[in-house]
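The next block holds one structure in the form of structure tokens; read it before the comments.
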Amino acid sequence: MKRIGILTGGGDAPGLNAVIRAAVKTAIYEYGCEVLGIRDGYDGFIDEEGVVRLGIEDVRGLLPRGGTILGAANRGNPYARKVIRDGKEVTIDVSDEIINGIKRLEMDALLVLGGDGTLHIAHELFQKGAPVIGVPKTIDNDIGGTEVCFGFDTAVTTATEAIDRLHTTAEAHHRVMVLELMGRNAGFIALHAGVAGGTDVILIPEIPFKYESVIAKLRQRVERGYLFSIIAVSEGAKPLSGEQVFSRGGNEVYVPRLGGIGQMVGEHIEKEGFETRVTVLGHLQRGGTPTPFDRWLATRYGAAAVRLAARGGFDRMVALHAGEIVDIPLEEAIAAPKRVDVNSDAILTARGMGISFGDE
Ligand code: F6P
């Protein structure tokens, strides 16, 4: 193995830089191998100056740094790239340019740090000959075949801190506080932060809720003398007799953007006589320094991805199983997105703690 590439695709997640650092150090120290960084996801193969050489000096101080030094591109799908031709915007397939780029740069492997979309593209590029290796990145924790994606722990930590802060002001004013959290169609962030922060209600996409049940829970708390309540709502949650709420529609380049369910829940509650405020935590969940767990996981993923490349384990993804880093076929990782198991001990525990999911 003489030269490897590394790119960060899709939205950013805390820990991307820690993976890059670990991969560069392992490649250079263990294998004497050169590392090329591809800027802005797959776009770097097409853009001029989209490829940079990464040495030990370039990764110094990266461990605690959020974001990604390589840049990320949410709309960087090489199979559907928007370009202007004859004054008109058209969508073209530039996947062959990626393959040519990998060959031209004489890369023996390409580490792809990404979520579902980026890893799907990586798997398709493998069919065309790209020596790809996946690393599971997303705060949503929704990639199949791995117990945890890096970035998730940091998002949960930030969300939990937000819940703690909402608690004190909610109690002071006898209010209901609704906190809308990210996660797309998976409720992991809301579930974990909701339990860790001791919320009274958790609404997640996997358990459609009824407004009557949520209101009943709030009334029960008042009857017991608790004049405030905290509700964690996953952005993908939806009422039993309703739809998910989007702030923007999708197209062939952008996925639809979830957002607004927190406000909707807040309005319903206020109509029932509870003074309510809504907070949308948004991209604070993605920004900033990774937690020690994410730094630890990202470092192990980055190093393991390079070792996998050296073994020629292409079209595979590093994953966490029972505390150990293993590797699984990319096909398995992208076959079905991971969702909260509604029969898991986590849900049972939350219910046992008196937390309502708005379904009973
Ligand atoms: O997948 C990560 C994520 O942060 C989701 O939780 C959220 O729905 C989405 O990305 C937001 O995307 P964008 O940064 O494009 O607004």
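One is the number of the first residue; the rest follow in order along the sequence. Note that ligands are numbered from 1 as they come in the structure, with each ligand's atoms numbered from 1 the same way.
Not counting sequence neighbours, the partners of R316 by the side-chain hydrogen bond (donor to acceptor under 3.5 Å, both in side chains) test are D327.
Taking every heavy atom of both residues into account, R3 and L36 meet most closely at CD-CD1, 3.5 Å.
P136 has its side chain within reach of V318: a pair of non-hydrogen atoms, C-beta onward, lies under 4.5 Å apart.
Linking Ile, Leu, Val, Met, Phe, Trp and Tyr whenever their side-chain heavy atoms come within less than 4.5 Å puts L218 and L203 in one cluster.
At least one cation-pi condition fails for K137 and F152: the charged atom is not both under 6.0 angstrom from the six-membered ring centre and inside a 45 degree cone around its axis.
Between the side chains of D315 and Q127, not a single donor N or O lies within less than 3.5 Å of an accepting N or O.
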What are the atom names and distances for all N or O pairs under 3.5 Å between ligand 1 and the protein?
{"unit_1": "ligand 1", "atom_1": "1 (O)", "unit_2": "D140", "atom_2": "OD2", "d": "2.6"}
{"unit_1": "ligand 1", "atom_1": "1 (O)", "unit_2": "R184", "atom_2": "NE", "d": "3.2"}
{"unit_1": "ligand 1", "atom_1": "1 (O)", "unit_2": "R184", "atom_2": "NH2", "d": "3.3"}
{"unit_1": "ligand 1", "atom_1": "4 (O)", "unit_2": "R286", "atom_2": "NH1", "d": "2.8"}
{"unit_1": "ligand 1", "atom_1": "6 (O)", "unit_2": "D140", "atom_2": "OD1", "d": "2.7"}
{"unit_1": "ligand 1", "atom_1": "6 (O)", "unit_2": "G183", "atom_2": "N", "d": "3.1"}
{"unit_1": "ligand 1", "atom_1": "6 (O)", "unit_2": "E235", "atom_2": "OE2", "d": "3.4"}
{"unit_1": "ligand 1", "atom_1": "8 (O)", "unit_2": "E235", "atom_2": "OE1", "d": "3.4"}
{"unit_1": "ligand 1", "atom_1": "8 (O)", "unit_2": "E235", "atom_2": "OE2", "d": "2.5"}
{"unit_1": "ligand 1", "atom_1": "10 (O)", "unit_2": "R184", "atom_2": "NH2", "d": "3.4"}
{"unit_1": "ligand 1", "atom_1": "10 (O)", "unit_2": "R286", "atom_2": "NH1", "d": "3.1"}
{"unit_1": "ligand 1", "atom_1": "14 (O)", "unit_2": "H283", "atom_2": "NE2", "d": "2.8"}
{"unit_1": "ligand 1", "atom_1": "14 (O)", "unit_2": "R286", "atom_2": "NH1", "d": "3.1"}
{"unit_1": "ligand 1", "atom_1": "14 (O)", "unit_2": "R286", "atom_2": "NH2", "d": "3.0"}
{"unit_1": "ligand 1", "atom_1": "15 (O)", "unit_2": "N74", "atom_2": "ND2", "d": "2.7"}
{"unit_1": "ligand 1", "atom_1": "16 (O)", "unit_2": "H283", "atom_2": "NE2", "d": "3.2"}

